[in-house]
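Right, one structure below, let's go through it.
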Amino acid sequence: MNNQTVQDTVQKNKAVKKYLNFINGEWVESESGRYTRNTNPVNGEVLGEVVASTKADVDKAVQAAKEAQKKWRNVPAPERADFLYKVAYLLKERKEELAQTLTLEMGKVISEARGEVQEAIDMAFYMAGEGRRMFGDTVPSELRNKFAMSVRVPVGIAGLITPWNFPIAIASWKSLPALVTGNAVVWKPASETPFLAGEFVKIYEEAGLPKGLVNLVYGSGGEVGNAIVEHPEIDIVSFTGSNEVGKQINGRAGELLKRTSLEMGGKNAVTVLEDADIDLAVDGIIWSAFGTSGQRCTACSRIIVHEAVKEELEQKLLKRMETLKVGDGLDESVDVGPVINRSSLERIHSYVKIGKDEGAKLLKGGEILTDNGLDKGNFYAPTLFTDVKSDMRIAQEEIFGPVASIIPVQSLEEAIEVNNSVEFGLSSSIFTGDVNRAFQAMRDLDTGIVYINAGTTGAEIHLPFGGTKGTGNGHRDSGVASLDVYTEWKSVYVDYSGKIQRAQIDNY
Ligand code: NAP
């Protein structure tokens with residue numbers, strides 16, 4: 001689509017909007033009567049308002065979910081999946097419109113926004129397919145005339161709490177597996193990206209999903225998110241976001257003996273060995289470090305490079321960074337959009353100061369951009385540090401902005417050690433021309449996702465997504481693994497011998 005066409009349709013859809021909660025199949029005001037404003041990170045323009053809900057709204061949503069789930073759990077899974085196919089086709093039909101809404105409220109460049117909506121489409125088709133799979137086990141019984149099997153059953157009500165950086169992809173990774181396995185959903189989206197949440201729920205509504213199965217409650221994390229965690233009738237809380245909030249949720253949910261699935265931060269690294277294709281590595285690093293303005297959980301914020309090729313890599317990265325255009329993501333020629341809000345901008349800038357104070361060498365960037373109208377929005381210059389030591393704060397803590405640090409090493413073994421030296425374990429990548437070293441890295445890099453000769457980002461929905469160590473609590477989004485989050489295993493034994501047979505006793 002050319003630039004002018006994008007701008008025209010955006011203008012057409014740009015009237016200030018108002019979004020309400022969706023509870024029990026109705027678009028409703030909040031009990032609070034209060035609203036918050038949604039703004040464009042490019043220029044601070046008010047895009048619309050959103051209800052600011054309270055615990056009372058969550059209570060209503062849970063009651064609706066409870067009633068709906070009683071029936072839904074007994075709807076045959078292939079029939080449940082038929083709704084998901086409808087969702088998939090509607091997402092496909094609206095792809096461009098959704099992508100523009102995404103860019104408008106969140107800022108990522110339009111090509112990436114289209115990619116994100118595509119991820120939700122892929123997930124909808126994939127999870128619809130699960131309606132006819134959802135495999136359990138049948139195993140031979142140790143006793144005669146007895147049958148043994150395991151089946152998945154829904155957990156009940158899933159409370160979903162999602163972040164702003166992938167507002168539709170992550171919502172699809174959670175809501176679609178929850179629904180196809182027979183659960184009902186109460187969803188609190190991030191306060192920064194309410195519109196896309198509303199548009200996604202409209203698609204569920206239009207697909208004819210029975211009322212009460214998907215409930216959307218807008219509001220702050222402290223109020224609505226917390227009410228979801230505390231609610232005794234919400235059986236599972238699936239959360240993606242920061243470690244700070246994730247730990248808090250897990251602590252409270254633990255006391256309540258509530259299941260949680262947590263996907264949290266990352267401090268992902270690209271390793272470049274001396275036998276790597278350096279131009280390819282540069283492409284991978286630029287895409288992973290500065291795409292989505294460095295605000296992907298899988299963003300590359302560390303570049304671990306063999307000393308023999310450090311200088312070449314630095315020069316080539318600097319050359320490519322010169323060509324990056326920063327601006328409004330709706331402009332097809334822009335490479336890097338704004339960051340989400342003012343406080344993010346300031347946090348990123350404070351990390352750059354920390355890096356300088358720690359003795360890292362700033363090669364490029366390191367400033368808030370203000371020229372050519374960028375001062376109206378939240379724009380940070382793509383930034384590169386070098387001669388960074390692995391124990392510096394900029395090499396250990398998640399910055400969540402377009403800032404990458406080069407860490408020189410002398411061997412593959414050292415690179416792996418540096419890669420694994422952080423509290424997170426989401427994604428890692430290695431560039432090498434040696435298949436033996438690639439396999440050694442695949443085995444030893446301690447992250448949930450490993451890429452060989454590609455950047456740290458680019459997950460596909462039919463494999464599990466998530467991380468080790470401080471990134472998560474062992475669960476995974478997307479892929480078949482996501483079914484484990486929303487189901488319990490039930491083991492069923494059918495004895496057709498006509499007598500009581502005692503396992504472990506009668507046959508030995
Ligand atoms: P965040 O501040 O932790 O917020 C995430 C969600 O939690 C939002 O909906 C937020 O609501 C809500 N929340 C805030 N405080 C809460 C509380 N006390 N109780 C319950 N819910 C609460 O994270 P973010 O800034 O949106 O997202 C960035 C983080 O997400 C980064 O750390 C990134 O690495 C991580 N992330 C991880 C993955 C992954 O799969 N591992 C994927 C994407 C992002 P409000 O918006 O109203 O504050």
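The structure presented is a predicted model; accordingly, all values stated were derived computationally and were not measured. Whatever order the structure lists them in is the order used to number ligands and atoms, beginning at 1. In this chain, numbering begins with 1 at the start of the sequence shown.
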Which of the ligand 1 atoms, numbered from 1, are nearer than 4.0 Å to a heavy atom of F465: 39 (C), 40 (O)
Option from D446, T447, N420 for which side chain to side chain donor-acceptor pair (under 3.5 Å) with T468 holds: D446
Check: T240 N/O within less than 3.5 Å of ligand 1 N/O: no
Numbered atoms and elements of ligand 1 in range of G219, under 4.0 angstrom, heavy atoms: 47 (O)
Closest to atom 36 (N) of ligand 1 (judged by heavy-atom distance), picking from A299, G448, G472, C297: C297
Neighbour count above 12 (heavy atom, 6.0 Å) for R133 CZ: yes
Protein contact to atom 47 (O) of ligand 1 [nearest heavy atom, distance to 0.1 Å]: S191 OG, 2.5 Å
Close-contact set for ligand 1 against S220 heavy atoms, below 4.0 Å: 47 (O)
Closest contact, heavy atoms only, S429 versus G455: CB-O, 3.6 Å
Heavy atoms of other groups near K55 NZ, more than 12 under 6.0 Å: no
Nearest-neighbour protein heavy atom for atom 12 (C) of ligand 1, which is reported as residue plus atom name and distance: I161 CG2, 3.6 Å
Side-chain heavy-atom pair I399, S301 within 4.5 angstrom cut-off: no
Contact bool for atom 21 (N) of ligand 1 (protein heavy atom, d < 4.0 Å): yes
Per-atom contacts, ligand 1 versus N226 - under 4.0 Å to a heavy atom: 19 (N), 20 (C)
Neighbour count >12 (heavy atoms, 6.0 Å) for atom NZ, K353: no
Donor-acceptor contact below 3.5 Å, side chain N183 vs main chain Y486: yes
From F83 atom CZ to L176 atom CG, the distance as rounded to the nearest 0.5 Å: 13.5 Å
Subset of ligand 1 atoms that lie under 4.0 Å from at least one heavy atom of I249: 20 (C)
pair I234-I157: side-chain heavy atoms closer than 4.5 Å: yes
Protein contact to atom 27 (O) of ligand 1 [nearest heavy atom, distance to 0.1 Å]: P163 CB, 3.5 Å
Any donor-acceptor pair under 3.5 Å from N165 side chain to R296 backbone: no
Side chain, backbone, both or neither: the part of I170 lying under 4.0 Å from ligand 1 by heavy atom: side chain
Any N/O pair N243/ligand 1 closer than 3.5 Å: no
Protein heavy-atom partner closest to atom 32 (O) of ligand 1 - residue, atom, separation in Å: E398 OE1, 2.7 Å
Protein contact of atom 35 (C) of ligand 1 - nearest heavy atom, named by residue and atom, plus distance: G241 O, 3.2 Å
NZ or CZ of K188 within 45° of F239 ring axis and under 6.0 Å: no
Which segment of N165 sits under 4.0 Å of ligand 1 when only heavy atoms are counted: side chain
Protein contact of atom 3 (O) of ligand 1 - nearest heavy atom, named by residue and atom, plus distance: S242 OG, 2.6 Å
Ring geometry between H462 and Y126 (parallel below 30°, tilted from 30 to 60°, perpendicular above 60°): tilted
N/O separation below 3.5 Å, G221 to ligand 1: yes
Protein contact of atom 18 (N) of ligand 1 - nearest heavy atom, named by residue and atom, plus distance: Q248 NE2, 3.4 Å
Part of I228 with heavy atoms under 4.0 Å of ligand 1, whether side chain, backbone, both or neither: neither
Parallel, tilted or perpendicular: rings of W27 and F22 (30°, 60°): tilted
Selected option - heavy-atom contact closest to atom 33 (C) of ligand 1, from F239, F400, W164: F400
Top protein contact for atom 9 (O) of ligand 1, by heavy-atom distance: T162 O, 2.8 Å
Check: Y204 ring centre within less than 6.0 Å of W187 ring centre: no
The one among E192, K188, M264 that brings a heavy atom closest to atom 37 (C) of ligand 1: M264
